[in-house]
Amino acid sequence: MNNLAKISAATGSLALFLDLVPSQYAIYPAAVIVLCAVLRALIQPPEASSRWAGAYQIMSAIGANLGWALPRLRPGISAVDVLREDKEAAKLAVASAGIAPLSSKPSSPA
């Protein structure tokens with residue numbers, strides 16, 4: 001599923017959910033969404049094997065962190081920032097260490 005479809009599904013389901021809530025109470029679910037987004041930005045992701053990983057991912061989904069808004073730090077995945085001109089050298093260093101780099105592009109069948 002591409003990112004646009006994910007965003008459309010998330011915003012559409014959010015609009016349907018908020019439509020079910022009486023307008024005088026709509027501030028509460030909106031506050032929960034904003035709170036989850038803020039907490040997601042402040043709290044470091046737990047290890048993938050942690051019992052908190054599932055709760056963290058639910059909090060991330062409620063905070064609408066999906067598609068293009070998906071943070072680079074997620075349970076079980078780490079990231080190292082490098083300058084663009086050092087990108088190839090970083091790929092070679094990772095490959096020489098025997099680590100398979102993750103790719104955001106789907107792998108083509110061999």
Can you name the residues that form a side chain to side chain contact (heavy atoms under 4.5 Å, CB included) with [X], not counting sequence neighbours?
X   : value
Y25 : V21, P22, Y28
L39 : L35, I43, M59
V32 : C36, I62

Value rounded to 0.5 Å, distance of OH in Y56 from CD in E47: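 Those atoms lie 12.0 Å apart.
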Separation between CZ of R40 and CD of Q44, rounded to the nearest 0.5 Å: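 Spacing of CZ (R40) from CD (Q44) equals 9.0 Å.
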Under 4.5 Å side-chain linkage, directly or through intermediates, the cluster mates of W52: none
Under 3.5 Å donor-acceptor, S96 side chain and L92 backbone: yes
L42 atom CG, over 12 foreign heavy atoms within 6.0 Å: yes
